[in-house]
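Presented below is the structure to which this report refers.
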Number of protein chains: 2
Amino acid sequence: MLSQSISTSAPGGRKVAPAPAATTDHFDVLTGHAGLVASEFIYRKDEEIYGEDETAEYVYQVVRGAVRTYKLLSDGRRQIGAFHLAGDVFGLETGMKHRLAAEAILDTTVRLVNRRSLEQAAHSDVRVARDLWSITSGELRHAENHMLLLGRKTAMERVATFLLEMDRRLARAGMIALPMCRRDIGDYLGLTLETVSRSLSELQAKGVLGLSSARQILLRDRHQLAVLNC
Amino acid sequence: MLSQSISTSAPGGRKVAPAPAATTDHFDVLTGHAGLVASEFIYRKDEEIYGEDETAEYVYQVVRGAVRTYKLLSDGRRQIGAFHLAGDVFGLETGMKHRLAAEAILDTTVRLVNRRSLEQAAHSDVRVARDLWSITSGELRHAENHMLLLGRKTAMERVATFLLEMDRRLARAGMIALPMCRRDIGDYLGLTLETVSRSLSELQAKGVLGLSSARQILLRDRHQLAVLNC
DNA sequence: ACTCCGCCTTGATCGAGCTCAAACGGCTGC
DNA sequence: GCAGCCGTTTGAGCTCGATCAAGGCGGAGT
């Protein structure tokens, strides 16, 4: 089945969304400058956006939805490197290939721009070049923090750090509406889904958070989480 | 005691090395272009080069020796993010501050260049801008691979990956001469020094490697290591 | 040559998180 | 309204790597 309601042209065999087949409007977060052609696509839940080691033709920005990027070991063990939420850029590379695979966590709209035209813009506009570097640098900062988490934090500390990150990135009206399942969280934190579930239950029992449903979280005591976060 | 044999001027209160107080020669790996003033410094074993959250005034390149960059938790748990060996650039940031601390693993000579002058060069020369981005992107690639290691690999797999990385980066005449102690390796791999030691002993017992001394390693069966590395 | 000290190895035990298993709950489609 | 299913929770037992402990080894300094 197709990812989009109307199919027109397609990069990499995928189908183009109807309305803004080509716009000169934004990709603001990416470039801060116009002159680039951006298209919108919709990926369905669990659909692959690109694979590991696939040639990197496009750079992406999440419009609506959420994306996970990950690496796999040959036996199926998975490490999610990052979750990308509305506004986030992903898939930006300096080399030829994507170093992680990317999948939609739920039905997700992305804006994408040709990677070569972006590099061309960077060639003529130093501000674009600086923006590209800044995006990669931001990803590196996240990865460095995450290495500390994966290498040295306890399960409870990992979950606390995760909750504070999600609170910062997607809290609306004090509530966190998680787009991802427990397995995704586990594969992000280097834990099993059972350990994630147990940690959340323990935090709920202690009154640190409230779970109105499994994916609707209310943080009641951010200070306590921050202590766990070290 | 001072880090250098002769002291002259000093950035950040440190003492300048005698010979090349200012050269227009290289920092080749960094810029690929001249016009930048680079100084050389010597740091002694275990000396701090910069601290976490310290203002980033300089970008560094290892000339001789080795450097570890790391983050600490409040209780002293440490995660080493990377080892930087001869030729490697480190300390490059887009933000104001260093996100990891840096220490010399042993007596180490570094070349350093003012961060602002480097950014200025990037402003006028798009190739410099591209190089800076590439360096950060290379660090990100390493961090992404390391997240997979820290989140999902077993102790033996981590040690195997480490050995292959060091073989690639510093093998001379088929031998690996490790500059770092077992604790450093453990803090890099998210293990204890005892587990690192046990893993190496086991690999030696299996004939995969030979230890002429604790830090002199001969890889006898790279294929077996590659299998463990997945 | 000897001693000291830091680094490394090895052994014994412990425990945090994993694995295996079962039951629960909420959503979807009939 | 009901059945089935997927995601989640909870329980029980196990295992890998951590912790605690004791020696060994080799290089630096006297």
Side-chain angles (χ1 to χ4, degrees), chain A residues 44-46 66 68 73 75-79 105-107 149-163 176-206 209-217 228, chain B residues 1 44-46 66 68 73 75-79 105-107 149-162 176-206 209-217 228:
Chain A
R44 299 181 69 218
K45 178 171 151 63
D46 296 327
R68 58 181 171 250
L73 292 174
D75 62 359
R77 281 174 288 172
R78 182 178 67 158
Q79 178 63 43
I105 293 172
L106 36 74
D107 290 1
L149 178 149
L150 293 170
R152 288 300 179 217
K153 289 189 183 179
T154 66
M156 187 55 82
E157 287 167 348
R158 293 179 201 209
V159 171
T161 302
F162 170 77
L163 289 170
I176 304 175
L178 294 178
M180 74 289 283
C181 66
R182 296 290 188 266
R183 177 171 296 279
D184 285 347
I185 299 172
D187 285 352
Y188 179 56
L189 299 179
L191 301 171
T192 59
L193 64 93
E194 292 94 333
T195 298
V196 172
S197 180
R198 274 184 251 273
S199 299
L200 289 172
S201 295
E202 190 179 332
L203 288 171
Q204 186 178 32
K206 285 180 178 167
L209 58 80
L211 290 165
S212 56
S213 79
R215 302 201 187 177
Q216 282 287 337
I217 299 181
L228 285 169
Chain B
M1 200 184 186
R44 300 181 69 218
K45 178 171 150 65
D46 296 328
R68 57 182 172 250
L73 292 174
D75 61 359
R77 280 174 288 171
R78 182 178 67 158
Q79 179 62 43
I105 293 172
L106 35 74
D107 291 1
L149 178 149
L150 293 170
R152 288 300 178 218
K153 289 188 183 178
T154 65
M156 187 56 81
E157 288 166 348
R158 292 178 202 210
V159 171
T161 302
F162 171 76
I176 305 174
L178 294 178
M180 74 290 283
C181 66
R182 296 289 187 267
R183 177 172 296 279
D184 285 346
I185 299 172
D187 285 352
Y188 179 57
L189 299 179
L191 301 170
T192 58
L193 65 93
E194 292 94 333
T195 298
V196 172
S197 180
R198 274 185 252 271
S199 300
L200 290 172
S201 296
E202 190 179 332
L203 289 172
Q204 185 178 31
K206 285 180 179 167
L209 57 80
L211 290 164
S212 57
S213 78
R215 301 200 189 177
Q216 282 287 337
I217 300 181
L228 285 169

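Throughout, a chain's letter reflects where its sequence line sits, starting with A, and its residues are numbered from 1.
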> For the helix from C/dA1-D/dT30 to C/dC30-D/dG1, what is the angle between the axes at its two ends, each from 5 pairs, rounded to 10°?
Replying inline: 40°
> Side-chain N or O of B/R198 less than 4.0 angstrom from OP1 or OP2 on C/dT10?
Replying inline: no
>> B/R78: which residues meet the salt bridge (Lys or Arg N to Asp or Glu O under 4.0 Å) condition with it, sequence neighbours left out?
In response: B/D184, B/D187
> Just wondering, do A/T161 and A/V159 contact through their side chains at under 4.5 Å, heavy atoms?
Replying inline: no
> Taking only residues two or more places apart in sequence or in another chain, which ones pass side-chain contact (heavy atoms from CB on, under 4.5 Å) with A/D46?
Replying inline: A/R68
>> Tell me the closest heavy-atom pair linking A/A160 and A/L228, and the distance in Å.
In response: CB-CB, 3.6 Å
> B/K45 NZ to C/dG6 P: how many Å, rounded?
Replying inline: 11 Å
>> If I take atom CZ in residue B/R78 and atom C1' in nucleotide D/dA18, what distance separates them, rounded to the nearest angstrom?
In response: 17 Å
Show me the protein contacts with nucleotides 22-28 of chain C, counting only N or O atoms at under 3.5 Å.
none

> Just how far, in rounded Å, is P of D/dG17 from CZ of A/R152?
Replying inline: 13 Å
>> I need the residues from residues 185-197 of chain B with at least one non-hydrogen atom less than 4.0 Å from DNA chain C; give them sorted by number, or say none.
In response: B/L193, B/E194, B/S197
>> Do A/L193 and A/I185 have side chains that approach each other closer than 4.5 Å (heavy atoms only, starting at C-beta)?
In response: no
> Considering residues at least two apart in sequence or located in another chain, which fulfil the salt bridge (Lys or Arg N to Asp or Glu O under 4.0 Å) criterion with B/K45?
Replying inline: none
> Between D/dG17 atom P and A/K153 atom NZ, what is the distance in whole Å?
Replying inline: 22 Å
> How many Å lie between CD on B/E202 and P on D/dG17, as a whole number?
Replying inline: 10 Å
> Could you state the CD-P distance from B/E157 to D/dG17, rounded to the nearest angstrom?
Replying inline: 9 Å
> What's the shortest heavy-atom distance between A/P179 and A/I105, and which atoms?
Replying inline: O-CG2, 3.2 Å
>> Using a heavy-atom cut-off of 4.0 Å across all strands, would you classify B/R215 as base, sugar-phosphate, or nothing?
In response: sugar-phosphate
> B/S201 side chain N/O closer than 4.0 Å to the phosphate oxygens (OP1, OP2) of C/dT10?
Replying inline: yes
> Taking only residues two or more places apart in sequence or in another chain, which ones pass side-chain contact (heavy atoms from CB on, under 4.5 Å) with A/Q216?
Replying inline: A/M175, A/A177, A/S212, A/S213
> When rounded to the nearest 0.5 angstrom, what is the spacing between CZ in B/R152 and CG in A/L73?
Replying inline: 9.5 Å
>> With salt bridge (Lys or Arg N to Asp or Glu O under 4.0 Å) as the rule and sequence neighbours excluded, what pairs involving residues 194-204 of chain A come up?
In response: A/E202-A/K206
> What one-letter contact string describes nucleotides 22-28 of chain D from 5' to 3', where B marks a base within less than 4.0 Å of any protein heavy atom, S marks contact via sugar-phosphate atoms alone, and - marks no contact?
Replying inline: -------
> From the list C/dT9, D/dG17, D/dT10, which nucleotide is the closest neighbour of the side chain of B/A214?
Replying inline: C/dT9
>> Using side-chain heavy atoms (C-beta onward) and a distance below 4.5 Å, is B/L200 in contact with B/R182?
In response: yes
>> Closer than 3.5 angstrom, by distance alone: can the side chain of A/R158 be matched with the main-chain N or O of A/Y188 as a donor-acceptor pair?
In response: no
>> Restricting to side-chain contact (heavy atoms from CB on, under 4.5 Å), what partner residues turn up for A/T195, sequence neighbours left out?
In response: A/A155, A/L191, A/T192, A/S199
> Between atom CG in A/L203 and atom P in D/dT9, what is the gap in whole Å?
Replying inline: 12 Å
> In whole Å, what is the span from the CG atom of B/L211 to the C1' atom of C/dC7?
Replying inline: 14 Å
> Can you name the salt bridge (Lys or Arg N to Asp or Glu O under 4.0 Å) partners of A/R77, sequence neighbours left out?
Replying inline: A/D75, B/E157
>> Side-chain N or O of B/R183 versus OP1/OP2 of C/dC7: is the shortest distance under 4.0 Å?
In response: no
